[in-house]
Structure formats: C-alpha cells, structure tokens
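Taking it in order: structure first as structure tokens, then the write-up.
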There are 2 protein chains.
Amino acid sequence: MQLLKDKILNEGKVLPGNILKVDGFLNQQLDIRLLNEIGKEFAFLFKDLGVNKILTVESSGIALACVASQNMGNVPVVFGKKHKTLKRGEDFYAAKIFSFTHNREYEVTINKEFISKDDVILIVDDFLANGEAVNGLMDIIKQADAKLVGVGIAVEKGFQGGGDKLREQGLRVESLAIVENMDNGKITFR
Amino acid sequence: MQLLKDKILNEGKVLPGNILKVDGFLNQQLDIRLLNEIGKEFAFLFKDLGVNKILTVESSGIALACVASQNMGNVPVVFGKKHKTLKRGEDFYAAKIFSFTHNREYEVTINKEFISKDDVILIVDDFLANGEAVNGLMDIIKQADAKLVGVGIAVEKGFQGGGDKLREQGLRVESLAIVENMDNGKITFR
C-alpha cells in the first residue's frame, strides 16, 4: 500500500536494535485518514471469506481492527489483553507471547464468551516481526475451536522472518508494507 | 444516548465493588455499530469548538477516540500510555493516575512531539468514575500549554462524583450514559 509506505519513508524512524518507530501515525498518535484507507484495504484483501469477527491485541491493534470492521459489515472486534504475569482462571483463554521488542514474556487473554467455534476470524495487528503475537492469538483460536481465515498486518518486518514462517504454514498473511531491510537507517521494502 | 443506555441495561453486568462490566460491547469486545453511533454523538455534542486533536488513554478509549475523530474531520488521535512504574525521561509528559478499579497508582505518558500549545483538545474515554484518568490527561494538557475544550465519556458512574467535580471546575463534560445508582444490581440512570 503506497500511502503507508510513503508515510513510513517520510515519518518513520529507525532506532538501534532494529526498531522502527512509527508512533507519529500508527502507534501513539493515530493518523485517522491513513487508518481509514488501511481499513478499506484490509476489507478488499479479505472480502468473500465470511469473516464474522476481527481479533487483535491491545493497544495499537485496536484502532486498525475497528477501521477494518467498519469496512467489513461492522463485525465485532475482540482484543486480547496483555498481562505481564500469568493470570489463571477458567473463564478465559490464555496464551504466552514472547516480545522481542521488550525482551520479556507476557500473557494474552480473551474471555471465553467472546470467541466460539462458530467464529470465522481475521487477525489484524499493526506490526508483525517474529510473529509471536499472531502465534499467541492462533493458539487461542485453536483452543476455542474457531476458524482463522487470514492475518492482516500494517507493517511487517520481513527480515525478521515471522511473516514467512506463517505463510509456510499455509496461512494467508497480507501485510500492507513489508520492510525488507533497514540497515544504516535506510528503509527498503520487499 | 438511548442506544447505549439500552445496551447497558440489557448486557451490562453489575459486580461486587461497584464494578459495571460492559466488556461485551465496549471493553474487550467492541460493538462497532454502537461505536459508530457514539462517534456521531460526540461529534454533534462538541461541534464548532475547533477541536484539532482527540486525547485518550489506552486501551479501551482508543476505539472511541477513533470513531469520534472520523466524525470530526479525521483530526489526529493521541493516546496516553500506561505504566505501572514511574518512567523518567525528557521527551514525554507524564502524570500520575490512581486507579480505584485496580487499587493502584500508575503513570500515563505522552510523547512531547504529539501535543503542543496550538492544540485544541477533546478528551474522550470509555469510563468516568472518580475522574482520575481525566485529571491525569488535564495535567499533561496543562504541561503542554494546550487548550482543553471538553470531555466526552461513554459511561459515567455518576454516584462516584468524578464527573460532577470536573463540571464544578467549569469543564464541559458530556457523558452519553450516567449511571446514578446500581445498588442490588439494578441500574438506574441520571
């Protein structure tokens, strides 16, 4: 998606440790015009798949999931809650996620009421690097015996390989911008 | 807003400790149709005030802030990040917030880049109880020397008094549903 790529080139910042900061339009500050276009693009890419629920993880994924839903018949959005410590209970599904950005493990939970075996799910998230967050949500979808039909990502860090590993499993992963390289602060797309 | 009140009466759950659970449509699962209407209502209530930025706090406020923006010319949304521990740095504004729900203090931060003295700000959030989150954002707005013109809330717990304290200061606070009482699990609105 050219609009997003231009935005990354113009306003994204490459920080040490392979960190791509896009908090001026996608993370802490949200460019709603851009988001509206991202929502339309996700709807186009995943049309005719019968999606009846969009799953994401707090916090930045929420905005993207909402705009995608608005363009896909206003299907419900459910977001996983992050916990730094293990949370135990019978009324929610839980999965462990390792965050490379923060170099620690955390847990994501979703109330069992909000995901069921009748659900046809699209996962939406802002970033995909090693694929840990998507793997955690996939784990929960499996526990709920629901059906996953695709993964829509705004920015994939292609060089970290998480997206390709998911594709190798036969999963449909659509990323609107895939950063292939950002050595020496120069961003190139796949 | 009748649609929201009906939803609270039909699907909200009153839990011990004065907790009102609305996570089936406003917190963990988001009813996008309802959100779209909430966005229109906020836009109607705060029109003609020259709002050029919407401020909220992660996570649940993000969805509401986005739909409000879509109905107010797609102005940027900025969300405060929550931290359990004090975070020190010169590149962000910080304020302490005491959460009665979780009975602990946390800190909210906003990157200094994303709020300036030229901003005319509307605060949007899902819940207002004691008003601590709004007070924290107001503190940050003051630090940035920006202008606050109103506060839009989905559900106010009127009996906790936070909303009225803000109104007494002359602040325009518009809550789409004000729960006045929920003793014995029976919800009544102001």
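Every value quoted in this text rests on a predicted model; they were computed, and no experiment measured them. Order of the sequence lines sets the chain letters (A, B, ...), proteins ahead of strands, with each chain counted from 1.
- Put simply, the side chain of A:Asn111 gets close to the backbone of A:Glu113: a donor and an acceptor are under 3.5 Å apart.
- Considering only heavy-atom pairs separated by less than 4.5 Å from chain A, the leading option among B:Ile54, B:Asn36, B:Asp31 is B:Asn36.
- In terms of heavy-atom proximity, A:Phe46 sits nearest to A:Glu174 at CZ-CG, 3.4 Å.
- The stretch residues 66-92 of chain B participates, sequence neighbours left out, in no ring pair (Phe, Tyr, Trp, His ring centres under 6.0 Å) pair at all.
- Top candidate by heavy-atom pairs under 4.5 Å with chain B, chosen from A:Ser69, A:Ser60, A:Ala65, A:Gly80, is A:Ser69.
- Note: the hydrophobic cluster containing B:Phe127 also contains B:Val67 (ILVMFWY, side chain heavy atoms under 4.5 Å, direct or indirect links).
- Using a 4.5 Å heavy-atom cut-off against chain A, the contacting residues of residues 19-29 of chain B are B:Asp23, B:Gly24, B:Asn27, B:Gln28, B:Gln29.
- Heavy atoms closer than 4.5 Å to chain A are found in both the backbone and the side chain of B:Ile110.
- Linking Ile, Leu, Val, Met, Phe, Trp and Tyr residues whenever their side-chain heavy atoms come within less than 4.5 Å leaves A:Leu128 and A:Leu45 in two separate clusters.
- No salt bridge links A:Glu168 with A:Lys165; every basic N to acidic carboxylate O contact stays at or beyond 4.0 Å.
- Between the CD1 atom in A:Ile115 and the CG atom in A:Asp145 there is a gap of 10.0 Å [rounded to 0.5 Å].
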